[in-house]
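Each remark here refers to the structure printed beneath this line.
Positions are given from 1, in the same order as the sequence printed here.
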Amino acid sequence: DKNMTGNQETIKNEKISIWEKIAYGSGDFACNLINFLTFSLVTFFYTDALGLNPGIIGSIMLFSRLADGFSDLLMGHLMDITKSRHGKARPWILWCSIPLAITTVMVFLVPNIGEIGKYIYVAITFNLVTTVVYTMTNLPYGTLTSLMSRDQNQRMSINVFRMFMSQVGSLVISVVTLPLVNAVGGSQHQKSWVLVSVLYGVVAAALLLWCFGKTRERVTVSVQQENKVGFGKAVRLLFQNKYWILLVFIWICISFNLSITMGMGTYYAKYIIGNENVVGYLNAIMLIPGLMLMPLAPLLSRNFGKRNLALGGSLINLCGQLLILLRPDTLGWLMFCFLVKGIGLVCTTATIFAMVADTIEYGQWKTGIRIEGLLYSSTSFGSKAGNGIASAATLAIIGAAGYDGTLTVQSASATSAIKILFIYVPLIFLVIMPILYSFYTLDKEYPQIMSDLQERETRSKK
């Protein structure tokens, strides 16, 4: 069946238009709007605008992220068995774009129903947007990379457009969000956060609908076979994929690093530097290299390989974090260090999703079964688990150290905890990353793997 098996050579030679790549990238811009607001800044909203206990909020987020990781696995399997005239990933983007916007606004519409009531509302709405609706949107979106093309160069190019748009989104959001919140009433007023969430939700829904409308799924290999694979067997197949396992741990390290840096950044800016708005400038400085260097990523990847590019980036990121130790309280020096970190970050973000897509082909080659939805979602499990544990641990630590969001000046123990978390803890994960990358050798094996898969598929059509 030509519609089911596809034609490897046709897919390999097919060129995807720039407009389709831009439309695909706009989906990550949209996801960043929601993710940044409901993850990086929502803890600041809960503790400083609502005055909620950081330890309890951290516990809610830990449960949410762990549950989110398991919902990733279920969503990946559900997507693998999805049959639709729009494909298997694109329809989920269509179905979930508007619900995602609505649930995002609900996160900030915390009613005045008593302290216990507020915690219950937070637990329900935060889990609804992150564990359910965001997962049902973002996982199909991410998997779409592997369904648009099987060619390594095309995937790298698609991923570059995605990450470029992601960097643009992150840059805009980092610089604009807190000043915008302060401009419409102040970061300690709930109404300000609600207004911003409405704005971001509308923009995100529109971009996701555009992404759905302008992208196409071209890879439909072994769909009939996938539908016969049970969830339990599919999970067992994951652990036969050594490169998937490596990327899970790499993604955990990336998530810990970024989660602590972004999550603690607002507290560090407010209580150590003295101006909460500067966290936007620090994040922007870290993202600017992505805008300049991301277009060069395909060329660098072809010349050096994705693994080598990512390995070099992880070492540069580590150097940037180490430099912070020299003058941690000086804004100008921190901006320079974040610039260095940004150069390293672009090398890892430009390659990670393309590397995940390559492990899908490796898994099919090794096991004879293609499970792109579950494989991508289970890799994302590492990211979600890392984010959840990092958020819960950092909030629990500053809470135990005496942090109180209603106070203008924090205790010495609280500020010391914020410093340690922001400066020293990320070093642990930045040291582990290059070690993990050194074991990833799929780039060298990929051409032979694709040749073998093409030969198998040609035989199966006879």
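- Listed by chain and number, the residues in a side-chain hydrogen bond (donor to acceptor under 3.5 Å, both in side chains) with W244 are S378, T379 (sequence neighbours excluded).
- Each ring pair (Phe, Tyr, Trp, His ring centres under 6.0 Å) pair with one or both residues in residues 428-460, not counting sequence neighbours, appears once here: Y243-Y440, F256-F429.
- In terms of the ring-ring contact (aromatic ring centres under 6.0 Å, His included) criterion, F164 has no residue partners (sequence neighbours excluded).
- With hydrogens and angles disregarded, a donor-acceptor distance shorter than 3.5 Å links the side chain of E217 to the backbone of A89.
- Under the rule for a ring-ring contact (aromatic ring centres under 6.0 Å, His included), F29 has no partner lying at least two apart in sequence or in another chain.
- Every side-chain hydrogen bond (donor to acceptor under 3.5 Å, both in side chains) that D72 has, sequence neighbours left out, goes to T135, S380, K384.
- For Y200, there are no ring-ring contact (aromatic ring centres under 6.0 Å, His included) partners at least two apart in sequence or on another chain.
- Residues forming a side chain to side chain contact (heavy atoms under 4.5 Å, CB included) with T43 (at least two apart in sequence, or on another chain): M61, Y267, L395.
- Each salt bridge (Lys or Arg N to Asp or Glu O under 4.0 Å) pair with one or both residues in residues 157-175, not counting sequence neighbours, appears once here: D28-R162.
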Which atom pairs, donor and acceptor, lie under 3.5 Å between side-chain atoms of residues 125-132 and protein residues at least two apart or in another chain?
| residue | atom | partner | partner atom | Å |
| --- | --- | --- | --- | --- |
| T125 | OG1 | Y121 | O | 2.8 |
| N127 | OD1 | S64 | OG | 3.3 |
| N127 | OD1 | T131 | OG1 | 3.1 |
| N127 | ND2 | A123 | O | 2.7 |
| T130 | OG1 | S64 | OG | 2.9 |
| T130 | OG1 | F126 | O | 2.6 |
| T131 | OG1 | S64 | O | 3.3 |
| T131 | OG1 | S64 | OG | 3.3 |
| T131 | OG1 | N127 | O | 3.4 |

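- W92 and T137 are not linked by any side-chain donor-acceptor pair at a separation below 3.5 angstrom, with hydrogens and angles left out of the test.
- In this structure, the side chain of S17 engages the main chain of E20 through a donor-acceptor pair within 3.5 Å.
- Here the rule is ring pair (Phe, Tyr, Trp, His ring centres under 6.0 Å) with Y24, and of F161, Y141, W19 only Y141 fits it.
- Pairs of residues two or more places apart, or lying in two chains, that qualify as salt bridge (Lys or Arg N to Asp or Glu O under 4.0 Å) and include a residue from residues 441-450 are K306-D443.
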Could you give the side-chain donor-acceptor pairs of residues 339-348 under 3.5 Å, partners two or more places apart or in another chain?
| residue | atom | partner | partner atom | Å |
| --- | --- | --- | --- | --- |
| K341 | NZ | N317 | OD1 | 3.2 |
| K341 | NZ | Q321 | OE1 | 2.8 |
| T348 | OG1 | L345 | O | 2.8 |

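- Residues meeting the ring-ring contact (aromatic ring centres under 6.0 Å, His included) test with W251, sequence neighbours left out: F353.
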